[in-house]
Amino acid sequence: MDATATTTANGSAAQPLKFLIYGRTGWIGGLLGKLCEAQNIDYVYGSGRLENRVSLEADIEEVRPTHVFNAAGVLGVPTVDWCESHKVETIRTNVIGTLTLADVCMEKGLLLIYYSTGCIYEYDSTHPLGSGLGYVEEDPTNFAGSFYSKTKAMVEELVKKYENVCTLRGRMPISSDLSQPNNFITKITRYEKVVNIPNSMTIVDELLPISIEMAKRNLTGIWNFTNPGVVTHNEVLEMYRDYVDPSFTWNNFSLDEQAKVIIAPRSNCELDATKLKREFPQILSIKDSLIKYVFHPNRNNPAASTIL
């Protein structure tokens with residue numbers, strides 16, 4: 001059977017895969033194209049605007065995809081604080097655009113892989129910091145401190161009514177490309193000070209290929225798209241120092257101190273990755289994945305080899 005073809009319920013070969021991807025200029029969208037090339041999967045970047053239904057329908061009519069990927073969205077540059085002063089632009093893409101694409105895909109009988117966020121939760125009395133009790137996919141969201149997170153929580157509540165959508169909740173994405181400005185490691189190594197809180201995070205090098213496999217399996221519903229477990233800012237920076245730059249130093253500050261230099265609060269939480277791990281048992285814990293996929297490829301310090 002062609003590895004780049006979908007399968008029917010009885011396991012027989014169906015039509016060859018062809019992906020329609022939105023988010024050409026974004027980090028994740030760009031990586032998706034490279035992964036498709038590596039796997040010999042036919043793909044096309046959508047040219048339509050998410051909020052323009054007619055343009056989306058024209059894309060689908062022209063491309064005739066087997067699956068659609070939504071890696072487009074407003075995150076904010078340089079940070080999510082941008083969304084606080086650009087609320088209409090944020091709504092237009094993150095809410096109207098996402099829902100329009102989901103609706104068009106449902107109408108056309110297409111599976112939509114939607115890259116969303118898990119930054120819609122925060123530690124509380126039932127999920128205390130350090131407890132190891134992560135939020136599962138069915139838990140109601142409880143963080144709307146930033147307008148960005150508010151729109152993502154809002155659209156998730158609506159888009160889950162669409163049975164053709166696979167929603168992937170990523171958090172604080174990390175990749176081996178330490179020059180990528182959206183890489184969580186790149187961000188915190190450039191900050192003057194960082195908080196030190198355990199969080200669920202997504203190792204892009206490991207999990208993004210899994211999202212393609214999820215499309216091949218025609219999986220739907222909401223998925224916590226993070227590596228199992230949590231890691232603190234300091235633990236990540238300690239690995240960075242040990243593997244990449246022995247001279248690197250950093251300073252911490254409290255959440256109260258952080259609040260004085262940002263506009264909107266940030267989400268800190270643990271997501272339960274049991275559902276994803278059950279479907280893909282090979283997924284590594286966050287710390288093991290960091291070492292294998294991020295720090296080993298960037299190892300500049302010979303002494304780091306003694307850490308494992």
request  = Compute both the distance and the angle, then confirm whether K275 meets the cation-pi test with W223: under 6.0 Å from the six-membered ring centre, within 45 degrees of the axis.
outcome  = yes
query = Under the side-chain contact (heavy atoms from CB on, under 4.5 Å) test, which residues partner T232, sequence neighbours left out?
reply = N196, P198, N234, E235
note = One should read off an interatomic distance between S267 OG and I120 CD1, to the nearest 0.5 angstrom, of 8.5 Å
key: Under 3.5 Å donor-acceptor, T202 side chain and F225 backbone   = yes
ask   = How about Y148 and T90: does a side-chain donor come under 3.5 Å of a side-chain acceptor?
value = no
request  = Please find out if less than 6.0 Å separates the ring center of H233 from that of F184.
outcome  = yes
key: Euclidean distance, I203 CD1 relative to S175 OG, rounded to 0.5 Å   = 9.0 Å
task = Please confirm whether Y135 and H127 have ring centers closer than 6.0 angstrom.
result = yes
note = Across all chains, not counting sequence neighbours, the side-chain contact (heavy atoms from CB on, under 4.5 Å) partners of V95 are I91, L99, T151, M154
query = Going through the distances and angles, do E206 and S289 end up as a side-chain hydrogen bond (donor to acceptor under 3.5 Å, both in side chains)?
reply = CA-CA 7 Å; E206 181 176 19; S289 191; 2.6 Å; yes
inquiry  = So if I apply the side-chain hydrogen bond (donor to acceptor under 3.5 Å, both in side chains) rule between N224 and each of K277, R171, R169, which one comes out positive?
reply    = R169
request  = Kindly write out the residues that satisfy side-chain contact (heavy atoms from CB on, under 4.5 Å) with P173, not counting sequence neighbours, or none if the list is empty.
outcome  = W27, V204
Validation row: H67, K18 side chains within 4.5 angstrom (heavy atoms) = no
